[in-house]
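So the structure is just underneath, and the comments pick up after that.
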Protein chains: 2
Amino acid sequence: MAVETANAVDKRRSLLHETRCQNCSLSSLCLPLALELEDMEQFDAIIRRRAPLKKGESLFRQGSAFNSVYAVRSGSLKQVTTEGSGDDQVTNFYLPSELVGLDGIDEQAYPGSVIALETTTVCEIPFDRLDSLSEALPELRGQLYRSMSKELRDDRRMMRLLSRKTADQRLASFFSSLSDRFRRRGYSPYSFRLSMSRADIGNYLGLAVETVSRILGRFQQQGLVEVSGREVNILNLEALLAQAQEEH
Amino acid sequence: MAVETANAVDKRRSLLHETRCQNCSLSSLCLPLALELEDMEQFDAIIRRRAPLKKGESLFRQGSAFNSVYAVRSGSLKQVTTEGSGDDQVTNFYLPSELVGLDGIDEQAYPGSVIALETTTVCEIPFDRLDSLSEALPELRGQLYRSMSKELRDDRRMMRLLSRKTADQRLASFFSSLSDRFRRRGYSPYSFRLSMSRADIGNYLGLAVETVSRILGRFQQQGLVEVSGREVNILNLEALLAQAQEEH
DNA sequence: ATGCCTCTATGATCACGATCAAGGAGGTGA
DNA sequence: TCACCTCCTTGATCGTGATCATAGAGGCAT
């Protein structure tokens with residue numbers, strides 16, 4: 001169709017507008033955070049917009065060729081690695097502004113599948129173009145190093161959680177961490193909706209579903225949180241934090 | 001002293017010779033692996049040689065300012081993070097050619113202390129100079145990305161180990177992995193010396209020392225390995241690998 | 001509405017590995 | 001050579017969280 005209505009053009013423009021980094025509400029958390037306006041435009045030019053993923057759809061599958069990293073715009077995802085038959089492991093949850101796929105660089109293949117937990121939009125960043133651009137933009141390069149370094153640090157924290165903490169401490173940690181991540185993104189740190197199932201949480205924390213359920217029940221009795229299905233209300237964040245950091 | 005003996009000059013030259021990347025036996029595994037000869041010379045120029053660390057000495061302390069990453073030349077180290085009082089966690093072991101300190105970039109401070117397990121030499125690589133150099137050398141940049149990415153992948157594997165594997169599988173995994181790392185470095189994959197104590201191993205794998213001891217005893221009875229103090233002889237690597245990867 | 005899932009909650013039992021306890025082995029300095 | 005100290009091994013008991021079993025709750029299509 002060669003003819004477009006003014007309306008259609010408007011729509012496209014507004015879509016374009018809201019998907020440009022300069023106007024993105026996440027720009028203070030995301031990869032280009034350190035860039036000047038003109039540099040950000042260069043960065044913006046290599047981004048590919050993707051159609052939203054529906055709940056359960058995968059951004060990519062384990063083992064598929066690595067070409068891009070992705071920044072989450074809205075929604076959330078989980079990373080799942082499968083080994084052998086039927087032994088899945090949830091290794092990460094991703095929230096808006098976080099970078100997905102960095103662990104695929106080394107082997108040029110993604111080490112796990114990444115699956116949307118709800119309707120989710122992402123920005124695709126082709127890695128070879130990102131790398132080229134990072135040559136000219138030291139701030140971008142630095143930010144990329146920092147992102148990977150931060151992920152390494154988070155991983156170490158997770159290892160400590162898995163090897164030294166009790167089930168109660170793990171869940172307290174998980175909720176504290178979620179709360180903090182929501183806070184940083186401008187959402188309420190006290191009241192939010194879990195996009196993942198109890199099974200996902202348990203799998204991620206190295207606990208059985210039943211244990212997750214039981215401990216949430218206990219937390220509720222203790223007045224730490226109020227949980228109804230996937231709606232969470234944190235009533236006593238301090239106590240939760242204390243519980244999380246408690247010496248064993 | 002302005003006068004040097006020929007002997008002293010020779011000594012220095014030979015020291016210089018054996019510590020240049022071009023002549024380093026690890027160059028095929030280490031950071032500059034992808035570099036042409038002339039590029040490698042540039043890289044070589046930013047490296048700082050350090051006096052060997054003795055057993056128990058620390059390369060840096062948790063919380064100290066991040067300035068450099070380090071490549072292990074010989075020996076081995078452990079990374080230890082302390083939280084609260086007396087709750088240490090061994091989060092990594094480093095062997096020759098591996099990069100230490102990458103998790104300090106983000107916060108400009110090292111998240112854990114790194115301690116020599118035996119007499120150990122490292123190459124210090126000031127990070128700001130590495131970053132500058134990586135601007136002009138895409139291969140170096142790529143290798144740096146790959147190193148970090150690989151560490152992310154290894155971390156995910158470790159999380160799976162900690163959250164899904166039994167004590168037996170963890171130890172089988174640990175020995176298989178060590179064996180593989182020695183093989184890649186040109187040492188025997190079957191016969192080696194552990195530079196870390198049982199306590200370190202247990203701490204790293206999320207197990208009590210007693211459990212490590214017991215399981216090593218059992219492995220020995222089963223004819224999988226022969227262990228005498230810190231000397232290890234792997235008798236049946238296939239069985240060990242099978243054990244490590246077994247479905248729970 | 002109805003039926004069919006999947007997800008969540010809760011109770012009962014069991015097992016793996018932690019903890020407590022004690023003794024042996026090996027290395028190091030006087 | 002001996003004493004001391006750290007590291008390692010082995011035994012006995014205990015506790016946390018997995019597993020098994022069942023039922024209730026909530027979502028979704030018909």
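Chain letters run A, B, ... following the sequence lines, proteins first and then strands; every chain starts at 1. Small disclaimer: the values here were computed from a predicted structure and weren't measured.
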### Lys150(A): side-chain contact (heavy atoms from CB on, under 4.5 Å) partners, not counting sequence neighbours
Arg153(A), Asp154(A), Asp106(B)
#### Entry: Steps toward salt bridge (Lys or Arg N to Asp or Glu O under 4.0 Å) verdict (Glu118(A), Arg230(A))
CA-CA 13 Å; Glu118(A) 58 196 309; Arg230(A) 296 194 173 184; over 6 Å; no
### Query
Quick check: does any side chain N or O of Gln169(A) sit under 3.5 Å from a backbone N or O of Gln245(A), one acting as donor and the other as acceptor?
no
### Task
To the nearest Å, give me how far apart CG (Leu171(B)) and P (dG17(C)) are.
10 Å
### Task
Please identify each residue that fulfils salt bridge (charged side-chain N to carboxylate O under 4.0 Å, His left out) with Glu210(A), with sequence neighbours left out.
none
#### Entry: Close side-chain approach of Val100(A) and Tyr110(A), heavy atoms under 4.5 Å
no
### Task
Using atom CG of Leu216(B) as one end and atom C1' of dA25(C) as the other, report the distance to the nearest whole Å.
16 Å
### Summary
Per the under-4.0 Å heavy-atom filter, residues of residues 204-213 of chain B near DNA chain C come out as Gly206(B), Leu207(B), Ala208(B), Glu210(B), Thr211(B)
#### Entry: Aromatic contact, Phe182(A) with Tyr190(A) (centres under 6.0 Å)
no
Nucleotide N/O to protein N/O under 3.5 Å, stretch nucleotides 28-30 of chain D:
none

### dC8(D) OP1/OP2 closer than 4.0 Å to side-chain N/O of Arg230(B)
yes
### Message
Less than 4.5 Å apart, side chain to side chain, heavy atoms only: is that true for Met159(A) and Leu162(B)?
### Response
yes
#### Entry: End axis versus end axis in the helix from dA1(C)-dT30(D) to dA30(C)-dT1(D), the angle rounded to 10°, five pairs used at each terminus
50°
### Query
Does any non-hydrogen side-chain atom of Met158(B) lie less than 4.5 Å from one of Tyr204(B)?
yes
### Message
Given the structure, check if the side chain of Arg214(B) and the base of dT19(C) hold any donor-acceptor pair shorter than 3.5 Å.
### Response
yes
### Query
Quick one: Arg164(B) CZ to dC16(C) P, roughly how many Å, whole number?
17 Å
#### Entry: salt bridge (charged side-chain N to carboxylate O under 4.0 Å, His left out) pairs, two or more places apart, involving residues 164-180 of chain B
Glu83(A)-Lys165(B), Asp87(A)-Arg164(B), Asp168(B)-Arg218(B), Asp180(B)-Arg184(B)
### Query
Is there a donor in the side chain of Ser58(B) and an acceptor in the side chain of Ser113(B), or the other way round, less than 3.5 Å apart?
no
### Task
Would you please say whether a donor-acceptor pair under 3.5 Å links the side chains of Ser149(A) and Asp103(B)?
no
### Summary
To the nearest angstrom, the NZ-P distance between Lys165(B) and dC16(C) comes to 18 Å
### Query
Atom CZ of Arg198(A) and atom P of dA18(D): how far apart are they, to the nearest Å?
16 Å
